[in-house]
Amino acid sequence: MKKILVANRGEIALRIMRTIRRMGIRSVAVYSEADRNSPHVFFADEAVCLGPAPSTQSYLNADKIIAFANELGVDGIHPGYGFLSENAEFAKLTEKAGIIFIGPGPDAMRIMGSKLAAKECVKKYGIPMVPGTDKAIEDIDVAKKIAAEIGYPVLIKASAGGGGKGMRIVEKATDLEEQMQRAVSEARSSFGDGSVFIEKYISSPRHIEIQVLADNYGNTIHLFERECSIQRRHQKVVEESPSSVLTPELRKKMGEAAVMVATSCNYRSTGTVEFLLDDKLNFYFLEMNTRLQVEHPVTEMITGIDLVEEQIKIARGEKLGFTQDDLSVNGHSLELRVYAEDPSNDFLPSTGTLTKYIRPQGEGIRVDDGYEEGMTIPVYYDPMIAKLVTHGKDRASAIQKMKEAIRNYKIEGVITTLSFGLFVLEHDAFLSGKFDTQFIEKHYIPSKLAPTQKQNAELAAIIALKYWLDKQKEIKPVEATPTNWTIRLTENN
Ligand code: ADP
């Protein structure tokens with residue numbers, strides 16, 4: 001491969017291009033009008049504008065991306081994550097145009113893109129699954145019967161769901177009908193597919209996922225786990241590897257199960273098999289993500305393997321250069337997703353311009369970002385500014401580095417999740433490793449957040465005002481003394 005087009009934006013486009021350059025390959029960036037001045041555009045060897053800001057007119061325009069790739073003599077397309085990365089049709093069109101899709105084959109993507117088809121596919125391998133239905137449910141009476149058998153609370157899920165959307169917890173039978181109607185209409189509008197199914201709602205599970213890597217020659221291995229239980233709205237904010245709850249035996253067992261899931265759909269490239277782990281350390285298959293995951297850097301930090309490089313090598317037909325036995329966990333790594341969101345206001349997006357933007361630096365600190373000072377966070381896309389990653393010899397040192405890095409990350413102009421990250425890292429539940437996906441509901445107290453840059457600025461303004469008012473009081477007695485000058489003024493009036 002001589003030239004790769006990265007069909008994405010922001011931090012992930014930049015991160016992929018860095019590896020492409022290191023491998024001596026040329027890179028092509030695509031961008032929307034809103035991203036004209038983004039770092040990924042300047043970093044690439046060539047760049048083409050896809051069109052207006054909305055994703056449907058830019059980053060999701062498969063035909064246009066492939067047409068540009070052809071025009072520019074591109075021989076590989078890397079889709080990153082999000083946008084077209086899990087679109088089997090895009091993968092197919094790419095290959096049809098004679099360009100290599102850097103990812104899995106379209107069939108594996110299609111199977112794993114549907115949570116129901118995925119369950120069906122892995123069933124014969126004896127992988128433990130969350131109790132529930134393995135078919136789409138349309139009839140409310142059938143749904144009621146199944147929910148009663150499983151036992152409340154249950155979770156209604158969209159088969160085509162992703163990003164934590166299309167999920168509804170139902171606590172009691174009387175709520176089922178209404179929640180099901182809502183779930184179907186949400187699934188239809190968000191994913192164009194109204195199929196929903198029912199799962200037992202596992203109370204207080206941990207989200208543990210396994211990174212897998214597979215080549216075209218039947219070699220499939222795993223790169224250990226990522227603990228992703230700190231979530232808001234069923235979406236991850238803090239991730240780490242290794243997980244403090246996995247024993248070597250459980251790690252091996254879950255790793256082998258993940259390899260089996262990948263094998264079940266003839267997987268190639270990088271992929272992630274997601275599991276829920278209950279409080280008795282039983283694990284259940286959730287789904288497989290057929291792409292590079294946002295949180296992949298923690299795995300890179302503890303294994304020393306560049307996952308994008310592996311994706312490219314596999315795509316150009318190379319065999320994996322190492323085996324399962326060659327891999328081991330080196331130290332500990334943490335990732336904090338730095339979102340332009342207000343953690344004191346239900347994590348609502350905080351849009352604006354980065355009036356100050358200074359990255360933390362130091363040994364064991366990695367910042368994957370796609371912004372510079374002065375840039376505005378576009379409202380059209382995911383509000384993630386950066387991924388702050390640390391690596392230390394053990395968990396305590398990775399945590400210490402992350403705390404230091406958060407304090408040295410200077411972001412002004414938008415509110416971010418940095419203060420939330422600090423709250424998590426200082427909380428006993430996190431420090432002791434005894435936490436689950438309900439961390440926010442159980443432990444989070446927004447008023448305990450360290451003051452944000454904005455609050456600090458407001459505080460400084462109040463102090464300055466108070467100082468000025470005090471000064472005014474001090475000079476008042478002088479003003480009160482009658483002088484000729486003031487008398488004359490009065491006379492003139
Ligand atoms: P998505 O594809 O939308 O990301 P997932 O199936 O991966 O959905 O689940 C996302 C998160 O939702 C999980 O990490 C977990 O916190 C929660 N979740 C999913 N299924 C269940 C379940 N059966 N019981 C409890 N929590 C669940």
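Source: prediction; values computed, not measured. Both counts, for ligands and for their atoms, begin at 1 and track the order of listing.
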For atom 24 (N) of ligand 1, closest protein heavy-atom neighbour: I202 N, 2.9 Å
Sequence-distant partners of E120, salt bridge (charged side-chain N to carboxylate O under 4.0 Å, His left out), two or more places apart: K123
Ring center gap for Y81 and H296 short of 6.0 angstrom: no
Cation-pi, Y31 ring and R9 (6.0 angstrom, 45 degrees): no
Option of least heavy-atom distance to atom 20 (N) of ligand 1 (set: K157, K165, E209): K157
Ligand 1 atoms in contact with K115 (distance to a heavy atom under 4.0 Å): 1 (P), 2 (O), 5 (P), 6 (O), 8 (O)
Where ligand 1 meets L155 - atom numbers and elements under 4.0 angstrom, heavy-atom basis: 19 (C), 20 (N), 21 (C), 22 (C), 23 (N), 27 (C)
N or O pair under 3.5 Å between Y201 and ligand 1: no
R206 NZ/CZ over F439 ring centroid, <6.0 Å and within 45° of normal: no
K252 atom NZ, over 12 foreign heavy atoms within 6.0 Å: no
Ion pair check, R407 and E426, cut-off under 4.0 Å: yes
Per atom 16 (O) of ligand 1, closest listed option by heavy atom (Q438, E287, H234, Q231): Q231
Validation row, ring centre F420 to ring centre Y444 under 6.0 Å: yes
G161: numbered ligand 1 atoms lying under 4.0 Å from its heavy atoms: 2 (O)
Ligand 1 N/O within reach of L286 N/O, cut-off under 3.5 Å: no
Within-shell test, M167 vs ligand 1, heavy atom, strictly < 4.0 Å: yes
Sub-4.0 Å atoms of ligand 1 with respect to non-hydrogen atoms of T437: 16 (O)
Which of the ligand 1 atoms, numbered from 1, are nearer than 4.0 Å to a heavy atom of K200: 22 (C), 23 (N), 24 (N)
Shortest protein contact, atom 3 (O) of ligand 1 (heavy atom only): G164 N, 2.6 Å
Candidate with minimal heavy-atom separation from atom 22 (C) of ligand 1, of L276, V154, V130: L276
Numbered atoms and elements of ligand 1 in range of H207, under 4.0 angstrom, heavy atoms: 13 (C), 14 (O)
Pairwise ring-ring contact (aromatic ring centres under 6.0 Å, His included) hits with a residue in residues 248-283, at least two apart: F275-F283
Whether H222 and F224 hold their rings parallel, tilted or perpendicular, with breakpoints at 30° and 60°: perpendicular
